[in-house]
Novice: 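Take a look at this one; I'll ask things after.
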Amino acid sequence: MNILDILFPKSCLRCHKSGKYLCDSCVKNTPFAETICPHCNHFSFYGKTHDQCKREHTLDGVISVWKYTGVVRLGITALKYKYAQAIARDLAESAIFEVIKYKIPKSSIFISVPLFKTKDNWRGFNQSELLAKELAIALGYSHLPYVLVRSVDTKPQVSLTKRERVRNMRGKFAVNTAVFDIIDKKRPIIIVDDVWTTGATLKECCKVLKQAGVREVYGLVLAQA
Ligand SMILES: [Zn+2]
Ligand SMILES: [Zn+2]
């Protein structure tokens, strides 16, 4: 325990029990996400992309931990505000036992979605990067920051329809060669994000990575909206 825990004791974001931002019973009460194919949204074992849904440069699968509800939703929302690091760590540690069931290969590299700068995110805070790092630490994987970069600022996704979202993402990401060139392209890449809504962002990130020579790319999200 450090001095901050004494001055600002942690309590559950949902039931206010002291100890953690996400208490064990509120986490247990949060339903797990459905395992779905990221391309047709129908059931698939372990969130793997169905063979018939595979195209050039498509995601090989997506791991979604919880539904976007309860204490998980509160935790993800709170990441934008205070104590982001500590909340990200609680979220990552709560996700361990579910994520290990997916048996992600040990050689995988965890990366994040490039920073969004919108009016809701004026600080330029990248919660995807924080989650990628904390999940990699909690689960024992390599993590590399700034593998992908954003080439142009895009319009905020929330104001757009599904079709517009896909269009809005197109051509907005690029690999950061300074970091990317040192990666063995045979190692699977796991792109971490907070919430899966349409998957447009993760799909575009995947496309850029595969075009640059990465063989296997999966998404890992804490919650499915
Ligand atoms: Zn609680
Ligand atoms: Zn499918």
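Index from 1, following the sequence. Remember, predicted model here, so these are calculated numbers, not experimental data. First listed ligand is number 1; within each ligand, the first listed atom is number 1.
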Novice: Hey, what's the angle at the Zn ion (ligand 1) spanning SG (Cys26) and SG (Cys12), nearest 10 degrees?
Specialist: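 About 110°, to the nearest ten degrees.
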
Novice: Below 30° counts as parallel, above 60° as perpendicular, anything between as tilted: where do the rings of Phe32 and Trp66 land?
Specialist: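 Because their plane-to-plane angle is under 30°, the rings of Phe32 and Trp66 count as parallel.
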
Novice: Just to the nearest 10 degrees, tell me the angle at the Zn ion (ligand 2) spanned by Cys40 SG and Cys53 SG.
Specialist: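 The two atoms form an angle at the metal of about 110°.
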
Novice: Give me the one residue out of Thr201, Asp193, Val195 that meets side chain to side chain contact (heavy atoms under 4.5 Å, CB included) with Thr197.
Specialist: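 The passing option is Val195.
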
Novice: Out of curiosity, Lys210 NZ to Lys185 NZ, how far, rounded to the nearest 0.5 Å?
Specialist: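 Reported to 0.5 Å precision, the distance equals 15.0 Å.
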
Novice: Looking at Lys67 and Glu34, is there a salt bridge between them, counting it only when a charged N and a carboxylate O are closer than 4.0 Å?
Specialist: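 Counted as a salt bridge, because a side-chain N and a carboxylate O are separated by less than 4.0 Å.
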
Novice: Find, among atoms of His50 that are N, O or S, the one nearest to the Zn ion (ligand 2), and state its name.
Specialist: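 Checking each N, O and S atom of His50, the shortest distance to the Zn ion (ligand 2) belongs to ND1.
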
